[in-house]
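This is the structure I want to talk about, given as C-alpha cells.
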Amino acid sequence: MESVLLGAALLVTLVALVIVVLRRPGTPAGFDPEELGRAQRDADEIRSDARSQAQEILAKAEAQARRIDSDARGEVEKEARALREDLRVLREDLERREARLAEREQRLDDEVRRLEEWSARLVESKKALEARKSELGQMEEERRRVLERAAGLTAEEAKAELVAAMENQAKREAIPITREIENAARAEGEKRARKIVTLAIQRVASEQTAESVVSVLHLPGDEMKGRIIGREGRNIRAFESTTGVNLIIDDTPEAVLLSCFDPVRREVGRLTLEKLVLDGRIHPQRIEEVYERSRADVEQLCVRAGEDALVELGITEMHPELITLLGQLRYRTSYGQNVLKHLIESAHIAGIMAAELRLPAELAKRCTLLHDIGKALTHEVEGSHALIGAEIARRYGEHEDVVHAIEAHHNEVEVRTVEAVLTQAADAISGSRPGARRESLEAYVKRLERLEEIAREKHEGVEKVFAMQAGREIRVMVKPDAVDDIQAQVIARDIAKQVESELTYPGQIRVTVVRESRAIEFAR
C-alpha cells in the first residue's frame with residue numbers, strides 16, 4: 001500500500017514540474033539561475049506537499065485497512081460461531097440416531113431370540129405330531145383289519161361297493177330332476193317351434209297345385225285341326241320333330257293337347273302352336289321360324305320370372321345365370337307342385353321364422369330360394385339336385401352359408417348352421433301343407449305297404465302293425481311278455497331311423513309302439 005502511495009506522490013511532483021515549465025513564456029537558450037532556483041523551490045514545495053498528502057493518504061489507507069480487517073475478522077468469527085453451532089446440532093442429531101439404532105438392534109436381537117425359541121418349540125411339536133400320526137396310522141390299520149375280518153371284504157372292495165351305491169343313489173335322485181328339466185325344455189321348445197311354424201304358415205297364402213304334364217290349347221274352330229295336321233300329316237310331324245312335344249288331336253271340340261315331360265319344352269311348343277294358329281300360315285319352314293322366336297320368348301320369360309321372384313322376396317345382387325335358372329323352374333313341378341312357387345313360398349316361410357328368431361331374414365330367404373336350383377338342370381348333369389345346386393351356387397359366387405344350406409337340405413351333408421335348419425323346415429312345411437302336392441295312388445299304396453314291412457321285419461315281439469292317418473303314423477302292437485318298456489322305446493327308435501333312411505315322404509311320420517298287458521281273474 002505504501003509503495004503505491006509513494007509512486008502516486010512522485011507522479012504528482014513530475015506533473016507539477018511540467019506545468020511550471022510550460023507556464024513560462026518562451027524558452028531561452030540558457031537557463032537563468034534565479035528562475036532555476038525558484039523552480040527548484042517550487043518543486044521542493046510541491047514535493048513536500050505531495051509527501052504530506054501521500055502521508056495523509058497513507059494514514060487514511062492504514063486506518064481504512066485496520067477497519068476493514070476488524071470488520072472481516074468479526075464476520076469470520078461470526079461465521080465460525082455459526083458453523084460451530086451447526087456442527088453441534090449435527091453432532092447431537094447423530095448421537096440421537098445412534099441411540100435409536102442401538103435400541104432397534106436390541107429389539108431385533110430380542111426378536112431373533114424369540115424366533116429361535118419358537119422354532120425350537122415347533123420342531124418339538126412336529127416330532128410330537130409325527131409320533132401321534134404314526135400311532136393313529138397303526139390304530140387305523142388295526143381298525144381296518146378288524147373291520148375287514150368282520151365284514152369279509154377288503155378295503156378296495158368296500159370302497160368300490162360304496163362308490164357304486166353312491167353312484168346309483170345319485171342317478172336315482174338325478175333322474176326325476178333331469179326328466180323334469182327335459183320335459184320342461186321339450187314343452188317350451190315345442191311350444192315355441194309350433195308358434196313360429198304356425199305363424200309362418202298362416203302368413204303365407206299359396207294356391208293349390210294344379211300342374212300336369214299336358215297343356216291344352218284352344219282353337220278358333222275345328223277346321224284348324226286339319227291345317228295343323230297338314231297334307232299327309234307333314235305339319236304335325238314337322239311340329240313334333242322341331243319342338244320335341246307330342247301333339248294329341250282327338251275328338252275334343254276346338255282344342256288340342258300338347259304332351260311332354262319337359263315343362264320348358266312343352267311351354268315352347270304351346271307358344272309356337274299358339275302363334276301358328278293366330279298367324280294361320282302353318283307349314284314346316286314356318287314352324288321352324290316360329291319355334292326359334294318362341295324359344296327366345298320363353299328364355300326372356302324365364303329371366304323375367306327369376307327377377308320377379310327376387311323382387312317379391314327383396315333379394316338383390318344375384319348372378320344372372322342363377323336368375324335364369326330360377327326362371328326355368330317356373331315350368332317345372334315336383335309332385336305336381338310348381339318348383340318356383342315352392343321356392344318363393346319356402347323363402348317367405350324361412351324369412352318369417354328367421355325374423356321370429358331374430359336372425360338375418362335376407363340370408364335365410366336367399367338360402368331357401370336357391371335350395372332346389374339343381375332341379376333346373378337336365379339329366380346330362382349327374383348327381384342329386386342338392387349337391388348339383390350347391391356346386392352351381394359356389395361357382396357363381398354365393399356365400400358359403402348359402403352353399404351349405406343347399407347341399408344339406410336333404411341331409412346329404414351334416415347340417416352345421418341355423419340357416420340350413422330353417423331351409424329344411426321351410427322346405428318341409430311348403431311341401432307337406434294340404435293341397436301343395438299330389439301323389440299317385442300307386443305310390444301312396446306302396447309307401448303304406450313299405451311302412452308296415454319296415455315295422456314288422458327284424459323286430460322280435462311285434463304282433464300287429466297298422467299304417468294310419470294316410471301314412472303319417474305307424475302303430476305297432478307288441479307282445480307284453482316278450483318286450484319290456486325299454487325294448488319298446490328301442491323298437492320305436494329303430495323303426496323311425498329306418499323309415500327316414502329308406503322312404504321319401506312329406507312332413508313327418510309318427511311311430512307309436514303299444515305294449516299292453518292285462519290281468520284277468522274271476523271271483524267265484
Query raised in the report: If every non-hydrogen atom of Ala376 is compared with every non-hydrogen atom of Leu325, which pair is closest and at what distance?
Result: CB-O, 3.6 Å
Report task. Would you kindly say whether His342 and Ser430 are connected by a side-chain donor-acceptor distance under 3.5 Å? Result -> yes
Query raised in the report: Do Met318 and Tyr396 have side-chain heavy atoms sitting under 4.5 Å apart?
Result: no
**Report entry** Chi angles and distances behind the side chain to side chain contact (heavy atoms under 4.5 Å, CB included) call for Leu369, Leu310
**Finding:** CA-CA 9 Å; Leu369 179 65; Leu310 296 182; 3.6 Å; yes
Query - Val418, Val402, Thr368, Leu422 screened by side-chain contact (heavy atoms from CB on, under 4.5 Å) with Leu363, the one that passes - result: Val402
Query raised in the report: Taking everything shown except Arg304 itself, do over 12 heavy atoms lie less than 6.0 Å from its CZ?
Result: no
Requested in this report: Kindly check if the number of other-residue, nucleotide or ligand heavy atoms within 6.0 Å of CD (Glu232) is above 12?
Outcome: no
**Report entry** Crowding at CZ, Arg510 (>12 non-hydrogen neighbours, <6.0 Å)
**Finding:** no
Query raised in the report: Taking the six-membered ring where the residue is Trp, are the ring centres of His385 and His409 under 6.0 Å apart?
Result: yes
Query - Electrostatic pair Lys275:Asp297 at N-O distance under 4.0 angstrom - result: yes
Query - Gln138 vs Glu142 side-chain heavy atoms within contact, under 4.5 Å - result: no
Query - Side-chain touch Asp494/Lys497, heavy atoms, less than 4.5 angstrom - result: no
Query raised in the report: What do the steps show when you test Arg456 against Glu453 for salt bridge (Lys or Arg N to Asp or Glu O under 4.0 Å), and what is the final call?
Result: CA-CA 5 Å; Arg456 286 195 188 95; Glu453 290 177 0; over 6 Å; no
Query raised in the report: For Ile282, does its backbone N or O pair with a side-chain atom of Arg227 as donor and acceptor, under 3.5 Å?
Result: no
Query raised in the report: For Glu317, does the CD atom have more than 12 heavy-atom neighbours from other residues, nucleotides or ligands under 6.0 Å away?
Result: no
Query raised in the report: Does His399 reach the side chain of Glu419, with side-chain heavy atoms less than 4.5 Å apart?
Result: no
Query raised in the report: Is Glu135 atom CD crowded by more than 12 heavy atoms from other residues, nucleotides or ligands, each under 6.0 Å away?
Result: yes
Query raised in the report: For Glu414, does the CD atom have more than 12 heavy-atom neighbours from other residues, nucleotides or ligands under 6.0 Å away?
Result: no
Requested in this report: Go through Arg366 and Glu398 one step at a time and tell me if the salt bridge (Lys or Arg N to Asp or Glu O under 4.0 Å) criterion holds.
Outcome: CA-CA 10 Å; Arg366 196 179 192 95; Glu398 287 296 324; 2.7 Å; yes
Query raised in the report: Hey, are the side chains of Leu343 and His371 touching, using non-hydrogen atoms and a 4.5 Å cut-off?
Result: yes
